[in-house]
Structure formats: structure tokens, C-alpha cells
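If you're wondering where the values come from, they're calculated on a predicted model, not measured in any experiment. In what follows, chains carry the letters A, B, and so on, assigned in the order in which the sequence lines appear, proteins first and then strands, with residues in each chain numbered from 1. Side chains included, hydrogens not; waters and symmetry mates left out as well; all remaining heavy atoms used.
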Protein chains: 2
Amino acid sequence: MRHLKEFTIKNKVKLVRIEKGRLTQGELAKLVGVTRQTMNLIEAQKYNPTIRVCLLISKHLEIPLDELFWIDENH
Amino acid sequence: MRHLKEFTIKNKVKLVRIEKGRLTQGELAKLVGVTRQTMNLIEAQKYNPTIRVCLLISKHLEIPLDELFWIDENH
DNA sequence: AAAAAATGTAATATATATTTTACTTTATAT
DNA sequence: ATATAAAGTAAAATATATATTACATTTTTT
């Protein structure tokens, strides 16, 4: 049935957070102002957060939005 | 009571769309896959869209996310 | 190896983004 | 000046992001 959904949203929040090695999932969540569970779901790419949350993640991880989130077109 | 809300999310979707002069509000909405009303509210900065919608707007307006959306810290 | 901290995950509840329908006002074209 | 298209807006319904609580599993620390 090819391309029921043309594309997906991906992110590397977890990757970047761990690379920087400073923050725990819970700490980042607290800084951003969401629950740890929400941050967990975002990192697991299980749903699309709001731009507000994304901007705050981007700010605290010190990495541009465009590098954190992108559209993954399925080929 | 200063800073009930520490910051707000702002965007220049409407500005960029009009600058480019190619797209109507309704056309952009259709490209992005939301209703015209939703696009209208986004342009009016009345709520925070999801990253999915933002990425699609960014794509069709051909301008980076970071330039389209930002945190407005109240001083 | 045991204890403690961090992470994954699930169910239910709540808040809010988005849709639908519809109408009014403003801008553009004839 | 009139007609037509575009934009602003509003109420009610729906979908989904986020919160809350709770527990299981994995990783890190001692």
C-alpha cells in the first residue's frame, strides 16, 4: 500500500543529550518544563511535540532546531 | 505580578509568506496539510503548532525553522 | 553483588492543537 | 463601483500532546 504516510518527523534529542553528557532525561525535562515521561516519548520519537517544547529543548541542548528535528521522507 | 509567563513563542510565517508573494494563506495551508483556519491562527500567533506542522511550513516557505520560530523572552 | 539512579513503558485524565462549519470584513480584480 | 477572492474570526466537535501515577527494567555507583 506504499506511502500511507508520506513522511515522518525525526529528531536526535536523545543522541545530543547523551553526547553532551551533562544532562539526564529527567533534568532536561525539568529545564524544559515537561514531565520526564513526555521527554521520554519525545526522545523515543513517539509523537510530535509542540514548537514551544522544541524551542526550549533546542535552547538547553544548545543546538539549532533545524539540526534537532527534520522531516524523514520515506525515499 | 511580573512574568506570569516567562516567555512567548513568536513566528514570522505571515511575513515570509507575503514577502515571497507567491502563496495565499489557504494555499500554504493546503500544502502543509492543515485547514486555512489553523494556518490563520498560527500566523496570528494564537497558539503553538506542532513541530510537524512547523517543519512543513519551513519547507514550503523555504526558510529555516530557526528563522521562522523563536522564543521571545519578555526582557 | 547489591543499592541507587536512570530509563522504558502503560493506563487514565486533562489541556490544547486542529477540524468543521459558517459568517463577516478586507483586499484584489474586473 | 461591483464582484470575487482572500483573510479574520467564532463555536462546537475531535484528535492528540502532555500530565499523573505507578511499576518494571536497565544502567551506574558504591
>> If you assign each of B:Leu23 and A:Asn48 to its closest nucleotide in DNA chain D, which residue comes earlier from the 5' end?
In response: B:Leu23
>> Side-chain N or O of B:Gln37 versus OP1/OP2 of D:dA7: is the shortest distance under 4.0 Å?
In response: no
>> Rounded to whole Å, how long is the line connecting atom CE of B:Met39 with atom C1' of D:dA6?
In response: 15 Å
> Rounded to the nearest Å, what distance is computed from the CD1 atom of residue B:Ile51 to the P atom of nucleotide D:dA17?
Replying inline: 12 Å
>> Looking at A:Lys14, I'd like to know whether one of its side-chain N or O atoms comes within less than 4.0 Å of OP1 or OP2 on C:dT7.
In response: no
> Rounded to the Å, how far apart are A:Leu56 CG and D:dA17 C1'?
Replying inline: 15 Å
>> Rounded to whole Å, please give me the gap between CG in B:Leu41 and C1' in D:dT9.
In response: 8 Å
> In whole angstroms, how far is the P atom of D:dA15 from the OH atom of B:Tyr47?
Replying inline: 16 Å
> Any idea which of D:dT18, D:dA7, C:dA17 is nearest the B:Arg17 side chain?
Replying inline: D:dA7
> How many Å lie between CD on A:Gln45 and P on C:dG8, as a whole number?
Replying inline: 12 Å
> Which nucleotide in the set D:dT20, C:dA22, C:dA17 lies at the smallest distance from any side-chain heavy atom of B:Arg36?
Replying inline: C:dA22
> Charged N to carboxylate O below 4.0 Å: is that the case for B:Glu73 and A:Lys59?
Replying inline: yes
>> I'd like to know if B:Glu43 pairs up with B:Arg17 as an ion pair, taking the criterion as any Lys NZ or Arg NE/NH1/NH2 lying under 4.0 Å from an Asp or Glu carboxylate oxygen.
In response: yes
> Hey, is A:Glu27 close enough to A:Arg36 for a salt bridge, meaning N to O under 4.0 Å?
Replying inline: no
> When you check the gap from the basic side-chain N to the acidic O, do B:Glu62 and B:Arg22 get nearer than 4.0 Å?
Replying inline: yes
>> Below the 4.0 Å mark, does D:dT18 have OP1 or OP2 next to a side-chain nitrogen or oxygen of A:Thr50?
In response: yes
> Which of these nucleotides, D:dA6, C:dG8, C:dA17, is closest to any side-chain atom of B:Thr24?
Replying inline: D:dA6
>> Nearest whole Å is fine: how far is D:dA6 P from B:Ile18 CD1?
In response: 13 Å
> Separation of A:Ile57 atom CD1 from D:dA17 atom P, in whole Å?
Replying inline: 14 Å
> Below 4.0 angstrom from OP1 or OP2 of D:dG8, is there any side-chain N or O of B:Asn40?
Replying inline: yes
> Does a distance-only test, which skips hydrogens and angles, find a donor-acceptor pair under 3.5 Å between the side chain of A:Glu43 and the base of C:dT7?
Replying inline: no
>> Mind checking if B:Thr35 touches a base, just sugar-phosphate, or nothing, with heavy atoms under 4.0 Å?
In response: base
> Do A:Thr35 and A:Asn40 have side-chain heavy atoms sitting under 4.5 Å apart?
Replying inline: no
